[in-house]
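Being a predicted model, the structure only gives us computed values, none of them experimental. Values reported hereafter were calculated over all heavy atoms of this structure, with side chains retained and with hydrogens, waters and symmetry mates removed.
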Amino acid sequence: MGLDASKQINNDLKQVLYRAERYLRLAAAERLTVVTTCVVFAAIAFALATSAIFFLSTGVVKTLALLTGNEMLSYYIVGAVLLLAIGVIYLCRKPLIENRYVKVFSRQLLEGPTLTEELLAKSEKEERIHQLAESLAKEMEDYEEEGGDV
């Protein structure tokens, strides 16, 4: 029974390690998916916003050219307004951009139990099941030694 028990323990340990590896892979994939989705969304939004700003700026230039009578002056005015907007966004980057992304990323990576805590909780449950199985096997062995039928 000693050799069989050690083989069983070895097999159980392999199963626990396999499940732990699979769990870690799935959890990492889930978190990477959320982060990647945020990055892709930001890239698409940036591309669309750039196009929108280009067309809106062109429209504003044409409108200002009608008002001022000078198309060159209109381009300078629109360029100056866009540079001013870039400056304002740069000055407000922390509350507008950084804090939001920090919240999203930290929520994904830091909130909730860590992967190690979840893995330990699962391994503790599996260890209890394994101990229960060993005690049941021991009881059955004792029962057989006493002459009982299984």
Side-chain angles (χ1 to χ4, degrees), residues 1-140:
M1 179 69 187
L3 187 58
D4 289 338
S6 67
K7 284 183 182 179
Q8 183 62 35
I9 291 171
N10 189 22
N11 287 338
D12 289 345
L13 185 59
K14 286 179 183 177
Q15 285 291 337
V16 167
L17 291 175
Y18 172 77
R19 288 181 184 146
E21 178 189 3
R22 296 294 298 163
Y23 175 75
L24 288 174
R25 285 184 181 189
L26 288 172
E30 176 193 6
R31 291 179 181 188
L32 284 174
T33 300
V34 171
V35 170
T36 304
T37 302
C38 288
V39 170
V40 168
F41 175 75
I44 290 170
F46 176 76
L48 293 174
T50 302
S51 298
I53 289 171
F54 173 75
F55 289 114
L56 290 172
S57 298
T58 303
V60 170
V61 164
K62 296 297 182 183
T63 304
L64 282 175
L66 292 173
L67 295 174
T68 63
N70 187 349
E71 189 171 354
M72 190 74 124
L73 178 63
S74 300
Y75 277 109
Y76 286 130
I77 292 172
V78 170
V81 168
L82 290 175
L83 285 175
L84 181 65
I86 289 171
V88 169
I89 289 171
Y90 179 77
L91 292 174
C92 298
R93 73 185 180 279
K94 210 167 195 87
L96 290 177
I97 299 168
E98 287 179 19
N99 290 346
R100 291 176 190 217
Y101 282 106
V102 166
K103 285 179 187 176
V104 169
F105 293 146
S106 65
R107 191 177 315 122
Q108 283 301 313
L109 299 174
L110 300 176
E111 285 185 3
T114 64
L115 297 176
T116 306
E117 291 169 343
E118 290 179 15
L119 179 63
L120 287 176
K122 286 187 176 193
S123 66
E124 287 174 1
K125 288 178 187 175
E126 290 175 357
E127 178 64 28
R128 280 186 264 149
I129 291 171
H130 181 72
Q131 288 174 352
L132 181 61
E134 282 182 346
S135 68
L136 183 59
K138 176 78 171 128
E139 287 179 22
M140 289 178 64

Inset, instruction - Scan Val61, Asn70, Leu64, Val60 and name whichever one has a side chain to side chain contact (heavy atoms under 4.5 Å, CB included) with Ile77. - result: Leu64

Inset, instruction - List for me each residue that meets salt bridge (charged side-chain N to carboxylate O under 4.0 Å, His left out) alongside Glu134, sequence neighbours excluded, and say none if there are none. - result: none

Inset, instruction - Sort and list the pairs that fulfil side chain to side chain donor-acceptor pair (under 3.5 Å) and have at least one residue in residues 32-41, not counting sequence neighbours. - result: none

Legend entry - For Gln8, all residues meeting side-chain contact (heavy atoms from CB on, under 4.5 Å), sequence neighbours excluded: Asp12

Inset, instruction - Just jot down the side-chain contact (heavy atoms from CB on, under 4.5 Å) partners of Leu17, sequence neighbours excluded, or say none. - result: Leu13

Going by atom type alone, with no hydrogens or angles, which donor-acceptor pairs under 3.5 Å involve a side-chain atom of residues 38-51 and a protein atom two or more places apart or on another chain?
from, atom 1, to, atom 2, distance (Å)
Thr50, OG1, Phe46, O, 2.7
Ser51, OG, Ala47, O, 3.2

Legend entry - Summary of salt bridge (Lys or Arg N to Asp or Glu O under 4.0 Å) pairs that have at least one residue in residues 37-52, sequence neighbours excluded: none

Inset, instruction - Kindly compute the distance separating CD1 (Ile9) from NZ (Lys14), expressed to the nearest 0.5 Å. - result: 13.5 Å

Inset, instruction - With rounding to the nearest 0.5 Å, note down the distance linking OG in Ser74 to CG in Leu67. - result: 8.0 Å

Legend entry - Glu71 side, atom CD; Tyr76 side, atom OH - distance, nearest 0.5 Å: 12.0 Å

Inset, instruction - Could you tell me the separation between the CD atom of Glu21 and the CG atom of Leu26, rounded to the nearest 0.5 Å? - result: 10.5 Å

Legend entry - Separation of Ile86 CD1 from Leu91 CG (nearest 0.5 Å): 12.0 Å

